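Indexing begins at 1, ligand by ligand and atom by atom, following the structure's order. This structure is a prediction, so every number in the text was calculated from the model and none was measured.
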Amino acid sequence: MAGRMDSPLILVDDKHVPLYRIVWVADLPHWCGDKDCEREGEYEIRLDVEESVWTSLRGRDDVLASLKKWCGDPEDDNDPLF
Ligand SMILES: [Zn+2]
C-alpha cells in the first residue's frame, strides 16, 4: 500500500471513497424486482473489492464528473466544472 498520498476522494452517500477504488458506475438505477429491496432507484458504485456503495442519481453524477476529471477525459468537451 502506498499510504497517505494525494488520492482524490469523492463523497458517496456518507462515505469518502478514493476514485482509484471505483471499478464501475451504474448507468441505470438498480431494480431487481424484490419488493423488499432497499436499493431500488439507487445507483451502484462498484468498488474494487466485493463491495459497493450506493447513491442517488445526483451522487452518481458527481462520481462520474470526478472520475472523468481524474482520468482526464480525452474528449474534454467543455467540462462545466471549469
Ligand atoms: Zn435489489
| request: Evaluate the side chain to side chain contact (heavy atoms under 4.5 Å, CB included) criterion for residues Glu40 and Asp34: first the C-alpha distance (whole Å), next the side-chain angles of each, then the deciding distance (0.1 Å), finally the verdict. | output: CA-CA 9 Å; Glu40 194 170 320; Asp34 185 343; over 6 Å; no
| message | For a quick test of reading the model, state the closest non-hydrogen atom pair linking Trp54 to Asp13 and the distance between them. | response |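 Looking at all heavy atoms of both residues, the shortest contact is O-CB, 3.6 Å.
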| task | Search all heavy atoms of Pro8 against all heavy atoms of Trp70 and return the closest pair with its distance. | result | CG-NE1, 2.9 Å
| Under-2.8 Å protein N/O/S neighbours of the Zn ion (ligand 1), ordered by chain then residue number | His30 NE2, Cys32 SG, Cys37 SG
| Residues in salt bridge (Lys or Arg N to Asp or Glu O under 4.0 Å) with Asp61, at least two apart? |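 Counting only residues at least two positions away or on another chain, Asp61 forms no salt bridge (Lys or Arg N to Asp or Glu O under 4.0 Å).
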| message | If you apply the rule side chain to side chain contact (heavy atoms under 4.5 Å, CB included), what do you find for Ile10 with Ile22, and how did you get there? | response | CA-CA 10 Å; Ile10 179 74; Ile22 296 174; 4.2 Å; yes
| When you measure from the side chain of Arg60 to the backbone N and O of Asp27, does any donor-acceptor pair fall under 3.5 Å? | yes
